[in-house]
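Inspection log for the structure reproduced underneath, given as structure tokens.
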Amino acid sequence: MLRPVRDIPRSPGWRLSTQLGGRDHGESTRAVLDVALDPKSAGRRALWTYADNGDAALGDAVLVPIGKRQALGFVVRRYEATADELGFRFDELKSIIEVVNGIRIPGVLLDLAKFVAETYLCSLPVALSVCVPPGVRERLEGAWSLGAPAGEKLSVVQQEVLRTLQEAGGELSEAEVGALPEGIQRAFKALRASGQVNFVQRLAPFLERRQKEKLVRLTSDEAAIEAFLRSEGKRKPAQALTLMRLQAAGGPPLSPLEVRALAGVTETTVRALAQEGLLEWVTTDEVKLSVPPTPNPEQQLAVDAISSAISDRESTAFLLFGVTGSGKTEVYLRAAAQALAMGRQVLYLVPEIALATQAISQMRSRFGRGVAVLHSELTQLERLRTWLRIANGEASVVLGPRSAIFAPLPNLGLIVMDEEHESAYKQEQSPRYHARTVARELARLHGCPIVLGSATPSLETFYEAEKGGVTLISLPSRAASAQMPTVEICDLTQGYRNGKPALLVPELATAISDALARGEQAILFLNRRAYAPFLMCRDCGYRTACPQCSVALSYHRGERKLRCHQCGHSVVVPSECPKCTSTRLNPFGLGTEKVEEGLRELFPAARIGRLDRDIASRKGALEEVLSAFRAQDMDILVGTQMVAKGLDFPNVTVVGVVAADISLSVPDFRSGERTFQLLSQVAGRAGRGSLPGRVFVQTFNPEHPAVVHAQGHDYVGFFEEAILERQGVGYPPFLRLVNILVTGPDREAVGKASGLVRDALPSGLTVLGPADCPLERLNNRWRRHLLLKLPAVADLAEVQSAVESVSVRGVSVVIDVDPVSLS
DNA sequence: TGGAGGTTCCCC
DNA sequence: GGGAACCTCCAT
């Protein structure tokens, strides 16, 4: 009897010849496949090699044996190799179990994953984990089907099996067969062995059930909507917010799912609104596409430039530089139309899906149902459906956050990245990629242009535009209609010199009371929640500190709690100092809660609301506050970044930045850039309607370039100053940064490991540290880091192998290439 | 001495 | 992730 090769006893001589790479064995090759498995379930180096039996193509989902288990993986490489090259004997090669029907990662995405792995120093399986269709593993189902009839004589049971299969339409699921008596199951297996029935893994057939999609749109009765917002807005905040978001989105029908996503509400809210007649149901075919507005000359120039790059298949990067209201979106849409007309697809990236309501609805009204929106509200099943819809070419526009770059688009013609400067484009978990960098590689792979849009571009992108690597297109702001607010800088050091620093400088306080007298509204911005950042004992100097992190515990007066804003740890406020038992334990510094309190004293008649993460954590509270403010049931709104993004409040004429210095004092070389961006954005909240706006920026650093240039709405001025500083100190874009983060519960072990990393790094590199991180302890883990400054085009392979050579028990070492946060 | 419980390290 | 193999410590 023939036995499988692996069972033949091996003679010592045979083994010797393999080890020595002898002529007979060492030089013969086999066709093999590299299969990437899920790194979470197959370990860090989850790339395994299997014999290639010719069934699987590159990118195919396959089931493979690993140890005694089966695992789902994706074919990432097909090649011929000798045993030496493999590093193990051919007889140890296993074959794949089977190819999963109908799931294949496009070749471009495999190349993109390789780029991510090389650029961000992670393994290919980790890079690939962001490309794979979500939840396939859970949706796999074995299916029995009829195979080739053989001449052999069949038992009664076997005949019964074939008859059952025929009656079931030639196919039975694994579950259906599993429910049959054991004897019959054995017969299935026997018939499979002789090829008369087949058993394959495939996606469970839920996908076939595709219901006709129903859409909703706002009623055209605007008076009814306004009446609802005024009278019922307070009682039904979720419904009111939904209406406001839909108003902001501007009209076209959306699916209930999309409405849920953009307002953060449930199906119930949507249904209630439909019941009340404020939303109307429409079917897909009723949707009329809107007629695009005529572009102005600057927009037309931009569109022409991008369009010719699309038709010439040039992977040019454009920077579309213009303030809000300058018409960037119209350029995106026209360029997108161009790509679609050529039978290619469009990828539209946004930093946060909740803030992209206008983009979604404009895409919808311009391009109809071929738009797929990816967002965090999707269930796993919905994600998988969307993934397949995109892969099958049914969706020609994909809109989503950074993860959308890995959508399986087969023939991309245009990439749009709106608000390209946003830090949300950097992924802070492995793979730690920056979507801007990856998107540009994707554009190169597809041979299509990429349009980066911003009013305050990243210094990196604008610098490249100056150097010519990126084509700059400026859109001048529109004249009369969108007037920029006046910005006044208020020097807080004056207040200290006069002895008693007030919460608001007199000019700002006056401006607010004048606005209130005219029936207008004001927003006050402070980028720090809680009442005060810490409590301090007036007798012994003790400060409240988190037991798990190296930060102070913030004082939350309303809750009577001390909270850590890093790890969430909270304790009841002690009545006396834990160190000296003094009762003079007082709040120091400023938070939104205290601003709110101060405003109530300053403007006792005003209706004041607050919006920050503490408020928004209560379900429905965000909606309540926003709809009350919008309905003018509130005069002054105090808040963090949350108030700077998203909604338009046309009646707001005064915006005050309570302390611009909080973001300036962050120990990070980008803090100036971030402050400029933040101030520009906050300033944009004033005077959005027909009324002129005034912005007041209170600061201890009135001379800081970020403050001075934000006052003049002068991005270029800020850029020129900031870029010189970057060059002088040696930061991006002039050098490349790599941050190596070493963490663990044992401080000594972390210290030792960080030293070992230092020693393992190749000589000749500029290495800062190892040093404690600005946040030296987080969640009971000590943190040290090394910062590498490398030439912009450095080969990082040596850095990776140096880091991987270090292994200290309980210590993890993470490499962050092109870090966005250094704390 | 053995077995319970923890840790490490392979899986192609 | 899961299982084998290896390691450690202590009760007997």
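Letters A, B, ... mirror the listed sequences (proteins, then strands); counts begin at 1.
Across all strands, Phe88(A) comes closer than 4.0 Å to base atoms (heavy-atom distances). Across all strands shown, Arg30(A) has no heavy atoms under 4.0 Å from either base or sugar-phosphate atoms.
For the pair Ile66(A) CD1 and dC10(B) P, the computed distance is 14 Å after rounding to whole Å. Protein atom CZ of Arg809(A) is 14 Å distant from nucleotide atom P of dC7(C), rounded to whole Å. Look at CG on Leu47(A): it is 15 Å from P on dC11(B), rounded to the nearest Å. Computed from coordinates, the Leu37(A) CG to dC10(B) C1' distance equals 14 Å when rounded to whole Å. In this entry the distance linking CZ of Arg78(A) with C1' of dC12(B) reads 17 Å, nearest Å. Atom C1' of nucleotide dA5(C) and atom NZ of Lys68(A) are separated by 13 Å, given to the nearest angstrom. The distance between atom CH2 of Trp48(A) and atom C1' of dC11(B), rounded to the nearest whole Å, is 5 Å. As a whole-Å value, the separation of Ile97(A) CD1 from dC12(B) P is 11 Å.
Taking 4.0 Å as the cut-off between side-chain N and carboxylate O, Arg385(A) and Glu382(A) do not count as a salt-bridged pair.
Taking 4.0 angstrom as the limit, Arg89(A) places none of its side-chain polar atoms (N or O) nearer than this to OP1 or OP2 of dC12(B). At least one side-chain nitrogen or oxygen of Lys94(A) sits closer than 4.0 Å to the OP1 or OP2 atom of dC12(B).
Within 3.5 Å, no donor on the side chain of Arg69(A) pairs with an acceptor on the base of dG3(C), nor the reverse.
Scanning for ring-ring contact (aromatic ring centres under 6.0 Å, His included) contacts around His569(A) gives an empty result, with sequence neighbours left out. With sequence neighbours left out, the side-chain contact (heavy atoms from CB on, under 4.5 Å) criterion links Leu72(A) to Ala61(A), Leu63(A), Val100(A), Val136(A), Arg137(A), Leu140(A).
Among Arg736(A), Arg436(A), Arg432(A), Lys426(A), the single residue meeting the side chain to side chain donor-acceptor pair (under 3.5 Å) criterion with Asp818(A) is Arg736(A).
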